[in-house]
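Structure first, commentary second.
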Amino acid sequence: MNRFHGLTLSKRRLLATLAILAIAPPLSLHAQSASPPVVSSATRTIIVASTTSTQDSGLFEHILPIFTAKTGITVRVIAQGTGQALDTARRGDADVAFVHARSQEEKFVADGFGVARRPVMYNDFVLIGPASDPAGIKGTKDIAIALKAISDKNLPFVSRGDRSGTHAAELNLWKLASVNLDAVKGPWYREIGQGMGAALNTAGASEAYVLADRGTWLGFKNRQNLAIIVEGDKRLFNQYGVILVDPKRHPHVKAADGKAFIDWLTGADGQKAISDYKIGGEQLFFPNAGAGGV
């Protein structure tokens, strides 16, 4: 006869539980005294809202690992046109703005969104177009004459149309050429609302002219039938500046680490890193923080 026969259900359950406890191994002293896992401290990270040219040219891929190795601070880049990058910083969604449209940068600071604007580096814009050059402007050093010829012949031109620093420079150059875009633009003038890489791809596919920064052009792989048509006009100068987002406006801004990035970028180590970045032996950006920049 089963020894549990005749016992109530509750008593049988109790005996079964005691039996399980009797054969289960006791908790080890180590298990009873184990400490909770150690959680590492958060990585120091800042967000930089930057123009697309610093990203598309490969500059950030070159300099940011050097900065992180030096400081332990990682940088997450939001690459946009300058106008959009400043909007991102204006909302407090970035700690630093690194852009290239001085008038917009100065307004950003004057409106109380940035602590100060500091010059970093420069390069220049170049007019890119079909190697066949239907406008007949290749080799000229006068960007105004070149743009006027494109407009007069209604030749395809791709504009970024994205409020970037390059777009702002382009619009200013049309004015210098005495071309009223509102009056003359038609199907020949295509605004795409995208970054420099997309504009170059579109120009290549449509045999069009386009204004580009030299850094992005040198790093651009899909050149198709495009070539530099106009360069060397002093009005094609392209200055970059960096601004710390004001922590008084946005208290969550990582001001100390953001300032560390700016100080490094405009200091000897950062300026050397910028100068050292080359493609095919050609320097893409020229540091000028120490010289006061513009």
Next item on the list: Any pair with a residue in residues 95-108 that passes salt bridge (Lys or Arg N to Asp or Glu O under 4.0 Å), sequence neighbours left out, goes on the list, sorted by first then second residue, please.
Entry: Arg102-Glu106, Glu105-Arg117, Lys107-Asp111
Check: Would Leu265 and Leu244 show up in the same hydrophobic cluster when neighbours are defined by side-chain heavy atoms closer than 4.5 Å?
Finding: yes
Note to self: Is it the case that the side chain of Gln55 and the backbone of Glu61 share a donor-acceptor pair, with hydrogens and angles ignored and the cut-off at 3.5 Å?
What the structure shows: no
Note to self: Has Arg223 got a side-chain atom pairing as donor or acceptor with Trp217's backbone, closer than 3.5 angstrom?
What the structure shows: yes
Item checked: Criterion side-chain contact (heavy atoms from CB on, under 4.5 Å) against Asp162, the qualifying member of Met196, Gln194, His167, Glu191 -> His167
Notebook entry, point to check: Side chains of Thr45 and Thr74: is there a donor and an acceptor less than 3.5 Å apart?
Noted result: yes
Check: Given side chains that start at C-beta, do those of Thr216 and Thr52 come closer than 4.5 Å, heavy atoms only?
Finding: no
Check: Do any N or O atoms from the side chain of His250 and from the backbone of Arg90 form a donor-acceptor pair under 3.5 angstrom?
Finding: yes
Note to self: Could you tell me if Tyr240 and Ser53 have a donor-acceptor pair between their side chains, going purely by distance under 3.5 Å?
What the structure shows: yes
Margin query: Are the side chains of Val179 and Leu147 in contact, using a 4.5 Å heavy-atom criterion?
Written below: no
Notebook entry, point to check: Side-chain contact, heavy-atom cut-off 4.5 Å: Lys254 with Ile73?
Noted result: no
Note to self: Between Lys248 and Asp246, does any side-chain N to carboxylate O distance fall below 4.0 Å?
What the structure shows: no
Notebook entry, point to check: Honestly curious: do Ile192 and Trp174 fall in one hydrophobic cluster under the side-chain, below-4.5 Å linking rule?
Noted result: no
Item checked: Test: Asp269 and Lys272 ion pair at under 4.0 Å -> no
Item checked: Heavy-atom donor-acceptor pair, Ser275 side chain to Gln271 backbone, under 3.5 Å -> no
Notebook entry, point to check: Hey, mind stepping through Arg249 and Val245 against side chain to side chain contact (heavy atoms under 4.5 Å, CB included) and telling me if it holds?
Noted result: CA-CA 8 Å; Arg249 172 78 65 157; Val245 178; 6.0 Å; no
Margin query: Using only atom types and a distance under 3.5 Å, with no angle test, would you say the side chain of Asn172 pairs donor to acceptor with the backbone of Ala168?
Written below: no
Notebook entry, point to check: Hey, are the side chains of Ile228 and Ile128 touching, using non-hydrogen atoms and a 4.5 Å cut-off?
Noted result: yes
Check: Should we count CZ of Arg76 as having more than 12 external heavy atoms under 6.0 Å?
Finding: no
Margin query: Can you confirm whether Trp188 sits close enough to Ser151 that some side-chain heavy atom of one is under 4.5 Å from a side-chain heavy atom of the other?
Written below: yes
Item checked: Geometric class of the Phe98/Phe261 ring pair [parallel <30°, tilted 30-60°, perpendicular >60°] -> perpendicular
Item checked: Where Ile274 and Pro287 come nearest, the two heavy atoms and their spacing -> CG2-CD, 4.2 Å
Notebook entry, point to check: Per the side-chain contact (heavy atoms from CB on, under 4.5 Å) rule, which among Val99, Leu59, Thr88, Val77 passes with Ser50?
Noted result: Val77
Note to self: Centre-to-centre under 6.0 Å for Phe286 and Tyr122, is that the case here?
What the structure shows: yes
Checklist line | Heavy-atom check, side chain of Phe108 versus side chain of Thr82, under 4.5 Å | finding: no
Notebook entry, point to check: Are Val126 and Val230 connected in a single hydrophobic cluster, I mean Ile/Leu/Val/Met/Phe/Trp/Tyr linked by side-chain heavy atoms less than 4.5 Å apart?
Noted result: no
Check: Is Asp233 close to Asp124 at the side-chain level, that is, under 4.5 Å between some pair of heavy atoms?
Finding: no
Next item on the list: Take atom CZ of Arg118 as the centre, draw a 6.0 Å sphere, and report whether it contains more than 12 heavy atoms from other residues, nucleotides or ligands.
Entry: yes
Note to self: Tell me if a side-chain donor or acceptor on Gln283 pairs with a main-chain N or O of Tyr277 at a distance below 3.5 Å.
What the structure shows: no
Checklist line | His62 and Ile279, any side-chain heavy atoms less than 4.5 Å apart | finding: no
Note to self: For Phe125, is there any backbone N or O sitting under 3.5 Å from a side-chain donor or acceptor partner on Glu231?
What the structure shows: no
Next item on the list: Verify side chain to side chain contact (heavy atoms under 4.5 Å, CB included) between His100 and Thr166, making sure each step is shown before the conclusion.
Entry: CA-CA 8 Å; His100 65 141; Thr166 303; 3.4 Å; yes
Notebook entry, point to check: For residues 126-147, which residue pairs qualify under salt bridge (Lys or Arg N to Asp or Glu O under 4.0 Å), counting only residues two or more places apart or in two chains?
Noted result: Asp142-Arg235
Check: Same hydrophobic cluster for Phe67 and Val48, using side-chain heavy-atom links shorter than 4.5 Å among ILVMFWY?
Finding: yes
